[in-house]
Amino acid sequence: MPTACSRSCGFCFLRGQERKIYADFEVNPPMQRQLTSTPFLCADAPLYCQDKVFTVLGVRALEAYEKYALYLDMLRKPFTKLCRLRFLGPDGSTAFALDNSPQNRRNRAFIAEGTLHVNLQNGTRRTADVTIANASGLYDYAVGKLWYGQEVALDEGLLLPNGEEFYIQQGVFVIKDPASSVQPGKTTIALSLVDKWANLDGTLRGNLEGTHQVPVGTNVFAPITTILTADRGNGIPVDSQNPVYTSYYDGKTQTLPSGASVPLTETPYTITIDSENGTEADIILALAETLNAWVGYDAMGRLRIDPSQDDILDTEKALIWEFSTEETTLLGMTYSAQNTEVYNDYIVTGEQLEDYSQPSARAQNLDPASPTNVNLIGRKTFRENKSGYVTDLQCQDYALWKLKRAAILQNSVAIECSQLMHLEENKLVSIARTDKAGAPRELHLVTGFSRPLAWNGSMQITATSVNDLPLGTVE
């Protein structure tokens, strides 16, 4: 293992502050463990933070941790909302930025209003509508200013007690349908922003040039990487950011109709996408479907493939905020039961095979703790045929996932609250119901939210109760 640097060049040390930082460091074991195992670069070699030697990386990480703690504390107090658009170059770096301050130095242009929308789904997850005050015409939609294919990063945050700005990135977007408005004394441009899935689904880059096939036995992730790194025709790749692929499926296998055992990460059948209406997004969705995986862009602008099988264990996900009916951050809740959307018996059938057999699976809610289990309300069945499914395991995974999704809709909650800029989809929030006997703590999985961008108005969260998620039984 590399050893600590012996040079006192000032790059590796926070001059005169080692003792103070170490005191803070010592009372924060999780941060200590993280930093003592994190490599960093120095003039000498890749090194590790150890033996009370504080690197720039260590100091910055500690500072970030402290700032984040201050941010969380400010959320429960009156705060000044910050919003920023960063207009990116082809390599993803920031060319220039625009915020929600009318005092902005870029020719009196600022973010006048807007709303961010996030939904947990395969495909497009993030959209935003932003109106920019554009008195100088600097942000006109034209070549040399804002133009086709321009990528925009959206950041939200607040002012910390010391006056420092704290931002959290909310996504990387492309401009879909801009609209300019000129009125007496007022010139604006409205930007309809959508995440980078629009570069794949035909919205901005059209359809496939020809019929596309992915042969059986192909690594699922390889064609996705090829699509993202391909040249658009102007020397710029489709996506300059590296995708994030789950390791959940590594080492897992499934049995094909032939009896062969193959890795789950290999396509079990040939995927064919027609060129007439097909897009690169259709290829990616078909590949993700062989794994029954989640696919979409995250807040950092990276395409992610995450397992839906792991998604069954919602109660083990990260808890990112704790509400209480006694606190002012929680403004209200609306609970709804959608009985027409509930199914407790899900049947999935695949392709008919050459030997006339047909893979299939059936998932039922027999969980006695669930209020919609078969033994309590009777069987309510949904049947679905999945084109391209050739193994029982594919059908089982899909049936369990759909059973869960069909069951959780029966108990959803709409939460109105003050703004939480660190909120993420597919993570947990809790609500301490002090208005009920025993003050029960409810756990909810965030499936979507919307938030005003330029001011401190309330945000809306859509969530489902994980306390009611059934444990599926597969036949």
Side-chain angles (χ1 to χ4, degrees), residues 119-125 254-255 257 264 268-269 271 281-282 284-296 306-315 317 335-353 356-414 425-426 443-448 462-475:
N119 286 294
L120 177 61
Q121 61 186 15
N122 279 352
T124 302
R125 292 185 178 179
Q254 62 181 333
T255 302
L264 268 177
Y269 52 86
I271 295 172
D282 293 325
I284 295 174
L285 287 171
L287 289 163
E289 191 172 75
T290 67
L291 300 172
N292 291 305
W294 285 110
V295 59
D306 293 311
S308 68
Q309 293 86 345
D310 188 48
D311 191 51
I312 300 296
L313 303 175
D314 281 315
T315 54
K317 289 189 168 139
Y335 293 85
S336 60
Q338 298 170 292
N339 293 332
T340 57
E341 302 295 328
V342 174
Y343 293 92
N344 57 18
D345 180 29
Y346 218 97
I347 300 172
V348 176
T349 56
E351 296 273 11
Q352 187 171 13
L353 306 178
Y356 300 104
S357 64
Q358 188 174 29
S360 63
R362 185 173 194 167
Q364 296 189 80
N365 177 11
L366 302 178
D367 183 0
S370 170
T372 59
N373 75 77
V374 172
N375 294 321
L376 184 63
I377 68 169
R379 187 178 292 112
K380 187 179 180 184
T381 304
F382 191 98
R383 186 181 184 92
E384 184 174 356
N385 182 66
K386 292 297 294 180
S387 176
Y389 276 33
V390 296
T391 70
D392 287 338
L393 182 57
Q394 283 180 296
C395 295
Q396 289 171 13
D397 285 345
Y398 186 76
L400 278 171
W401 184 60
K402 292 297 289 187
L403 174 71
K404 176 188 169 183
R405 291 295 149 193
I408 62 174
L409 289 174
Q410 51 99 20
N411 274 326
S412 63
V413 58
E425 71 277 21
N426 213 18
L443 277 179
H444 299 280
L445 181 73
V446 176
T447 57
T462 303
T464 52
S465 173
V466 301
N467 297 325
D468 301 312
L469 298 180
L471 298 175
T473 302
V474 175
E475 294 181 355

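Predicted model, so just to flag it, every value in this text is computed and none were measured. The chain is numbered in sequence order, starting from 1.
Remark: the S308 side chain and the D397 side chain contain no N/O donor-acceptor pair separated by less than 3.5 Å. Inspection of the Y346 and E384 side chains reveals an N or O donor paired with an N or O acceptor under 3.5 Å. With hydrogens and angles left out, the side-chain atoms of T447 and E425 include no donor and acceptor closer than 3.5 Å.
Closest approach of A288 and V295 over heavy atoms only: CB-CG1, 3.9 Å. Nearest approach of C395 to Y389, heavy atoms of both residues: N-CD2, 3.9 Å. Scanning all heavy atoms of the two residues, the minimum distance from G296 to R125 falls at CA-NE, 3.8 Å. The nearest pair of heavy atoms linking Q358 to G350 is NE2-O, 2.8 Å. Here the closest non-hydrogen pair linking W294 and P307 is CD1-O, 4.0 Å.
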* To do: Would you please test N426 and L445 for side-chain contact (heavy atoms from CB on, under 4.5 Å) and show each step?
  => CA-CA 6 Å; N426 213 18; L445 181 73; 3.8 Å; yes
* To do: Output, in order, the C-alpha distance, side-chain angles, deciding distance and verdict of side-chain contact (heavy atoms from CB on, under 4.5 Å) for F382 and D345.
  => CA-CA 6 Å; F382 191 98; D345 180 29; over 6 Å; no
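V446 has its side chain out of reach of L120: every pair of non-hydrogen atoms, C-beta onward, lies at least 4.5 Å apart. In this structure, S412 and T462 have side chains that are not in contact, with every pair of non-hydrogen atoms separated by 4.5 Å or more. Residues Q394 and P268 meet the side-chain proximity criterion, which asks for heavy atoms closer than 4.5 Å.
Residues satisfying the side-chain contact (heavy atoms from CB on, under 4.5 Å) test with N375, not counting sequence neighbours, are N373.
Looking at N339, N344, N365, D367 one by one, the single match for side-chain hydrogen bond (donor to acceptor under 3.5 Å, both in side chains) with T372 turns out to be N365.
Put simply, CD on E289 and CD1 on I271 are 8.5 Å apart, with the number rounded to the nearest 0.5 Å. Taking CG of N122 as the reference point, atom CG of D306 lies at 10.0 Å (rounded to 0.5 Å). In this structure, the separation between OG1 on T290 and NZ on K386 is 11.0 Å, given to the nearest 0.5 Å. Taking CG from N292 and CG from L400, the interatomic distance works out to 9.5 Å, rounded to the nearest 0.5 Å. Going from atom OG1 of T349 over to atom CZ of R383 covers 5.0 Å, rounded to the nearest 0.5 Å.
The main-chain N or O of T124 is found under 3.5 Å from a side-chain atom of Q121 such that the two form a donor-acceptor pair.
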